[in-house]
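Here it is: the structure, laid out below.
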Amino acid sequence: MNRRSEPAHRNNRARRAATSLRRLTTALVVRFGAAAVTEAARYLIDRILDQV
């Protein structure tokens, strides 16, 4: 009984680590994506204002 529950426990821990890692990478991608969009918008606004 104990031998059967050990791989399931290890699999659960691995799944929890993968979920937290995916959540962390998603937060980083969203943050850098928002920063890139803000930077691109600022650049475009500067270009438009320079042309006027």
Side-chain angles (χ1 to χ4, degrees):
M1 188 67 188
N2 194 12
R3 195 180 299 143
R4 185 187 293 164
S5 65
E6 182 63 30
H9 182 66
R10 193 177 297 132
N11 189 18
N12 191 14
R13 187 182 299 158
R15 189 182 300 132
R16 196 179 307 132
T19 303
S20 63
L21 187 68
R22 191 178 305 132
R23 194 173 296 141
L24 182 68
T25 53
T26 303
L28 283 176
V29 165
V30 166
R31 188 168 295 157
F32 281 117
V37 167
T38 304
E39 203 63 35
R42 193 175 292 153
Y43 174 73
L44 285 176
I45 289 172
D46 284 344
R47 289 284 305 270
I48 291 170
L49 290 178
D50 283 343
Q51 288 180 1
V52 171

Checklist line | Sequence-distant partners of R42, salt bridge (Lys or Arg N to Asp or Glu O under 4.0 Å), two or more places apart | finding: E39
Checklist line | Pairs satisfying side-chain hydrogen bond (donor to acceptor under 3.5 Å, both in side chains), at least one member in residues 43-52, at least two apart | finding: Y43-R47
Which side-chain N or O atoms in residues 19-32 pair as donor and acceptor under 3.5 Å with protein atoms at least two apart or in another chain?
unit_1, atom_1, unit_2, atom_2, d
T19, OG1, R15, O, 2.8
S20, OG, R16, O, 3.4
S20, OG, A17, O, 2.8
T25, OG1, L21, O, 3.1
T25, OG1, R22, O, 2.9
T26, OG1, R22, O, 2.7

Margin query: Starting from I45 and following side-chain heavy-atom contacts under 4.5 Å between hydrophobic residues (I, L, V, M, F, W, Y), which residues can be reached?
Written below: L49
